Amino acid sequence: MTSILILNGPNLNLLGRRQPEVYGRTTLAEIESRCRAHAAAIGVDLAFAQSNHEGALVDAIHEAAGRHDGIVLNAGAYTHTSVALMDAIAGVDLPVVELHLSNIHAREAFRHKSYIAPVAAGQICGFGPRGYVLAMDALAGLLAPGAS
Ligand code: DQA
């Protein structure tokens, strides 16, 4: 069965109470359960993780190779700063869908730059928690036999 890792970066553990005017009131636990329900519906295996630490996210990307078939990555603020995450993705042979709850392109200029985008299969942003399900579908589509 296709296996997907959804990996969340710094401060996403605070979802629900963090800047609700930007990120809404849905918690990460609620997002995880929506993702688990969707994984069951589309027949994929799902791992879901969060870390506030850049090195732990690098480790998770390395460890995903051989365990999972692709990654949905919301790298949070590391999106805009982390050459290490970009290199980690470039170093493993796994498709990555970059994800953000907010539309990073409609926010501050420093959020317009993504170190993930050049090594990602694509980017989904601006759709709030629903973006997680959209990203799962995008990744599952890429991984489906005969996908184009
Ligand atoms: C975010 C956008 C980032 O700019 C921000 O640093 C986050 C969350 C999003 O999901 O909208 O932590 O990745």
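Just so you know, ligand 1 is whichever comes first in the structure, and atom 1 is the first atom listed for that ligand. Predicted, not measured: the structure shown is a model, and the values here were computed from it.
The shortest N or O to N or O distance between A77 and ligand 1 is under 3.5 Å. Residue S102 has at least one N or O atom closer than 3.5 Å to an N or O atom of ligand 1.
Interface atoms of ligand 1 facing H80, defined by a heavy-atom separation under 4.0 Å, are 3 (C), 4 (O). Atoms of ligand 1 found under 4.0 Å from any heavy atom of Y23, numbered from 1 in the order shown, are 5 (C), 7 (C), 8 (C), 9 (C), 11 (O). Set against the non-hydrogen atoms of L101, the atoms of ligand 1 under 4.0 Å away are 9 (C), 10 (O), 11 (O).
For the pair K113 and F110, the cation-pi test (distance below 6.0 Å, angle within 45°) is failed.
Both the backbone and the side chain of H100 come within contact range of ligand 1, each with a heavy atom under 4.0 Å. No part of V22 comes within 4.0 Å of ligand 1, judged by heavy-atom distances. Counting heavy atoms closer than 4.0 Å to ligand 1, residue R18 contributes side-chain atoms (C-beta onward) but none from N, CA, C or O.
The shell of residues lying under 4.0 angstrom from ligand 1, judged by heavy atoms, includes N74.
A donor-acceptor pair under 3.5 Å is formed between the side chain of D69 and the backbone N or O of S3. Under the 3.5 Å distance criterion, the side-chain polar atoms of N8 are matched with a main-chain donor or acceptor of A49. Y78 contributes a side-chain N or O that, together with a main-chain N or O of N52, makes up a donor-acceptor pair within less than 3.5 Å.
Distance check, rounded to the nearest 0.5 Å: CD1 of I6 to SG of C35 gives 3.5 Å.
Side-chain contact between H100 and I124 is absent, with no heavy atoms from C-beta onward closer than 4.5 Å.
In this structure, E32 pairs ionically with R36, as a charged nitrogen and a carboxylate oxygen lie closer than 4.0 Å.
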